Student: 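Structure in structure tokens, see below.
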Amino acid sequence: MNYWLMKSEPDVFGIEHLKACKDKTEPWDGIRNYQARNFIRDDMKKGDKVFFYHSNCKTPGIVGIAKVVSKPYPDPTQFDAGSNYFDPKSDPEDPRWVLVDIQHVRDLKRTVSLTEMKARADEFGDFQLLARGNRLSILPVSKDQWDQVLKMEKENPA
DNA sequence: GCCAACGTTGGC
DNA sequence: GCCAACGTTGGC
């Protein structure tokens with residue numbers, strides 16, 4: 001059982017969008033970064049838990065919990081010439097990009113903001129979200145880091 | 001294989 | 001809107 005953090009822009013596809021989907025489930029398409037791809041392809045398992053993170057917005061931070069509800073499978077948008085995610089170099093016999101289906105589990109009671117987490121970076125250890133220049137849209141979270149966020153959720157915001 | 005140019009991410 | 005950081009592309 002692994003833990004992850006997935007970023008999304010609330011203006012494009014936020015946690016409210018995920019909740020509104022059929023079965024609160026949606027294919028997490030459009031990942032076009034090899035490091036993120038490798039996490040999905042090599043390490044993601046059905047049942048893994050996911051922090052839903054809002055980026056590029058007023059208060060960037062973790063807003064909810066989701067879970068992985070499929071195995072990794074080829075991202076259909078890579079073969080769709082009409083899609084923004086179309087990749088003409090991807091071979092249908094050996095697809096370059098994969099995705100998993102993500103299902104909403106619950107909203108956090110409050111947003112655990114990036115600012116708060118940065119202020120308490122020493123309680124997170126080595127956390128890629130807090131690393132300088134971090135741009136990965138999918139990144140691993142340790143059990144301790146997962147629990148730390150949930151602990152902060154229960155506290156009052158700083 | 002190097003590296004400059006370019007595009008994207010994402011916090012602020 | 002700005003800009004730092006980083007990934008990708010393509011010329012050589």
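Not measured: the values here are computed from a predicted model. To find a chain, count down the sequence lines: A is the first, B the second, and so on, and within it residues start at 1.
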Student: What residues join A:Y34 in its hydrophobic cluster, counting side-chain heavy atom gaps under 4.5 Å, either direct or through other members?
Tutor: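 Listed partners: A:W97.
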Student: How bent is the helix from B:dG1-C:dC12 to B:dC12-C:dG1, measuring the angle between the end axes built from five pairs each, rounded to 10°?
Tutor: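 About 10° separates the two local helix axes.
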Student: If you measure from CZ on A:F39 to CG on A:L5, what distance do you get to the nearest 0.5 Å?
Tutor: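 Rounded to the nearest 0.5 Å, the CZ-CG separation comes to 11.5 Å.
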Student: So how far is it from A:D48 CG to A:I40 CD1, rounded to the nearest 0.5 Å?
Tutor: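 Going from CG on A:D48 over to CD1 on A:I40, the span is 11.5 Å.
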Student: Using a distance-only test with no angle check, is there a side-chain donor-acceptor pair under 3.5 angstrom linking A:Q78 and A:S90?
Tutor: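 Short answer, yes.
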Student: Please list all pairs meeting side chain to side chain donor-acceptor pair (under 3.5 Å) that have one or both residues in residues 117-130 of chain A, counting only residues at least two apart or in different chains.
Tutor: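 Counting only pairs at least two positions apart or across chains, the side chain to side chain donor-acceptor pair (under 3.5 Å) contacts touching residues 117-130 of chain A are A:R120-A:E123, A:R120-A:E155, A:E123-A:Q148.
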Student: Give, ordered by number, those residues of residues 7-14 of chain A having at least one heavy-atom distance below 4.0 Å to an atom of DNA chain C; if nothing qualifies, reply none.
Tutor: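 Of all residues in residues 7-14 of chain A, none places a heavy atom under 4.0 Å from DNA chain C.
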Student: With side chains defined as the heavy atoms from C-beta onward, is the minimum distance between A:F127 and A:V141 less than 4.5 Å?
Tutor: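 When only atoms from C-beta onward are counted, A:V141 and A:F127 do touch, with a gap below 4.5 Å.
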Student: Just checking A:K19: does its NZ atom have more than 12 heavy atoms from other residues, nucleotides or ligands closer to it than 6.0 angstrom?
Tutor: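 Above 12, so yes.
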Student: In the single-linkage hydrophobic clustering (I, L, V, M, F, W, Y; side-chain heavy atoms under 4.5 Å), do A:V69 and A:Y3 co-cluster?
Tutor: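 Each belongs to a different hydrophobic cluster.
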Student: A:D75 side chain to A:G30 main-chain N or O, any donor-acceptor pair under 3.5 Å?
Tutor: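 Judged by distance alone, yes, a pair lies under 3.5 Å.
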Student: What are the residues of residues 117-137 of chain A, sorted by number, that bring a heavy atom to within less than 4.0 Å of DNA chain C?
Tutor: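 Output list: A:R132, A:G133, A:R135.
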Student: Apply salt bridge (charged side-chain N to carboxylate O under 4.0 Å, His left out) to residues A:D147 and A:K151 and explain how you reach the verdict.
Tutor: CA-CA 6 Å; A:D147 292 341; A:K151 186 181 130 197; over 6 Å; no
Student: Going 5' to 3' along DNA chain B, which are the first and last nucleotides with any atom under 4.0 Å from a heavy atom of chain A?
Tutor: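 First and last nucleotides in contact are B:dG7 to B:dC12.
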Student: Could you go through A:D91 and A:R96, starting from their C-alpha distance and side-chain angles, then the distance that decides it, and tell me whether this counts as side chain to side chain contact (heavy atoms under 4.5 Å, CB included)?
Tutor: CA-CA 7 Å; A:D91 176 2; A:R96 183 178 294 188; over 6 Å; no
Student: Indicate, with yes or no, if the rings of A:F51 and A:W4 have centres closer together than 6.0 Å.
Tutor: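 Centroid distance A:F51-A:W4: not below 6.0 Å, so no.
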